[in-house]
Amino acid sequence: MSFLSDFRTMVIGILLESFPFILLGVVISALLQTFISDQALQRWIPKKTIPGILFGCLLGIIFPLCECGIIPVVHRLIRKGMPPYIGLVFMMAGPIINPVVFTSTFVAFRAQPQMAVSRMVLAFAAAALIGLWAARGVRDSALRSPVNNSLEPVVSSKKTIKRPLPTKVPKAAWTNKWHETLEHAAIEMFDVGKFLVLGATVTALLQTIVSKKWLLTLSDGDWTPHLFMMGLAYVLSICSTADAFVGATFIPDFSLGSVLAFLVFGAMLDIKSTLMLLKVFRLKTVVTVMIISAVVVLLGSVAFDRLYTYL
């Protein structure tokens, strides 16, 4: 009965922690679908690769979402014409490179202020490398539901027809748009919610089965603590807005670099976000993203430890 009680508590806790961010994500997604045209979005997105990657890395400053809420937003942006590689970069960097997460990390590590900056830098490096790979290897065929982003102007036999924009939107039109927004939000919430519930269930099972005392025996070594903390972050699936306070509790037993790996890798990829990523991208693409993220975070966190020890 104790196992069932702990399992139920963890599932409910994960869902309650994640639900507000999922809700925020689907609302933003629905607003994007209803009020921003495909043509407008494509004018804003950089056409060249490097500016596109920078755009994806820094988009989280405008949309400060955690990994729970960012998936539906990116899914909608890709459906409206955003190149898949920019969407992947935003998925990886957005949950970390945003003002909310920076502030929570800075507060949680007041005695180690370098952790907040290092978290942003390492996340930026990992996301940028994923973007460089994805710009060459990820096309619409990597999506679960490939989209046709070609936009053809309305033309006559002689010249392009330019339709003047209305000077004032009728009240009935605004009412219809808000109804359409709510409809899109409801559909998106149901679509993404089932993956969140499945991820929360798997996460709670792992947390209740694995012994914490056994886990602490893995805190010694040069590489083992970093790998362990990355795996722990993936399993715990804590939202990036709250994981800094959890990570700070490991400081007496684990190195700063291994905790940095926990903060970066867990915010980029966890059980919930992996399941939701598989809703948007095919398995091969998701596995490649996971490998690149793991390698960059591992090497970066080990280098951070050695540099911190040297200084």
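Excluded from the calculations below are hydrogen atoms, water molecules and symmetry mates; all remaining heavy atoms, backbone and side chain alike, are included.
- A 4.5 Å side-chain heavy-atom check between I45 and P83 finds at least one atom pair inside the cut-off.
- Between V259 and F109 the shortest side-chain heavy-atom distance falls below 4.5 Å.
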Test side chain to side chain contact (heavy atoms under 4.5 Å, CB included) applied to M268 and I130, step by step: CA-CA 12 Å; M268 297 176 72; I130 290 172; 4.2 Å; yes
Stepwise side chain to side chain contact (heavy atoms under 4.5 Å, CB included) test for F55 and V89: CA-CA 9 Å; F55 177 79; V89 171; over 6 Å; no
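- Interatomic distance, D270 CG to L277 CG, rounded to the nearest 0.5 Å: 9.5 Å.
- The nearest pair of heavy atoms linking F90 to G60 is CE1-N, 3.6 Å.
- The minimum heavy-atom distance between Y85 and T49, with the atom names listed, is OH-CA, 3.5 Å.
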Audit row: Q112, S118, side chain to side chain contact (heavy atoms under 4.5 Å, CB included) steps and yes/no: CA-CA 10 Å; Q112 300 91 13; S118 300; over 6 Å; no
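- A267 approaches D243 most closely through the heavy-atom pair CB-OD2, 4.1 Å.
- By the 4.5 Å heavy-atom criterion applied to side chains, M229 and L260 are not counted as neighbours.
- Put simply, the side chain of I53 does not reach to within 4.5 Å of the side chain of I86, judged on heavy atoms.
- Within a 6.0 Å radius of NZ in K48, no more than 12 heavy atoms belonging to other residues, nucleotides or ligands are found.
- Checked against the 6.0 Å centroid threshold, F262 and F254 do not count as a close aromatic pair.
- Separation of atoms CG (L269) and CE (M91) is listed at 10.5 Å; rounding is to 0.5 Å.
- Using a 4.5 Å cut-off on side-chain heavy atoms (C-beta onward), F281 and I78 make contact.
- The distance from the CH2 atom of W223 to the CG atom of L298 is 5.0 Å, given to the nearest 0.5 Å.
- Scanning all heavy atoms of the two residues, the minimum distance from C57 to F124 falls at CB-CE1, 3.6 Å.
- Side-chain contact between R110 and V107 is present, with at least one heavy-atom pair separated by less than 4.5 Å.
- Taking each heavy atom of A261 and M230 in turn, the nearest pair found is CB-CG, 3.6 Å.
- Between the CG atom in L58 and the CD1 atom in I61 there is a gap of 5.0 Å [rounded to 0.5 Å].
- Nearest heavy-atom pair across A127 and M92 is CB-CB, 4.1 Å.
- A side-chain N or O of S258 and one of S255 form a donor-acceptor pair less than 3.5 Å apart.
- From M120, atom CE reaches atom CG of L263 across 9.0 Å, with rounding to the nearest 0.5 Å.
- Within the 4.5 Å cutoff, side-chain heavy atoms of V286 are placed close to those of M290.
- Contact annotation: the side chain of L59 approaches that of M82 to within less than 4.5 Å [non-hydrogen atoms, C-beta and beyond].
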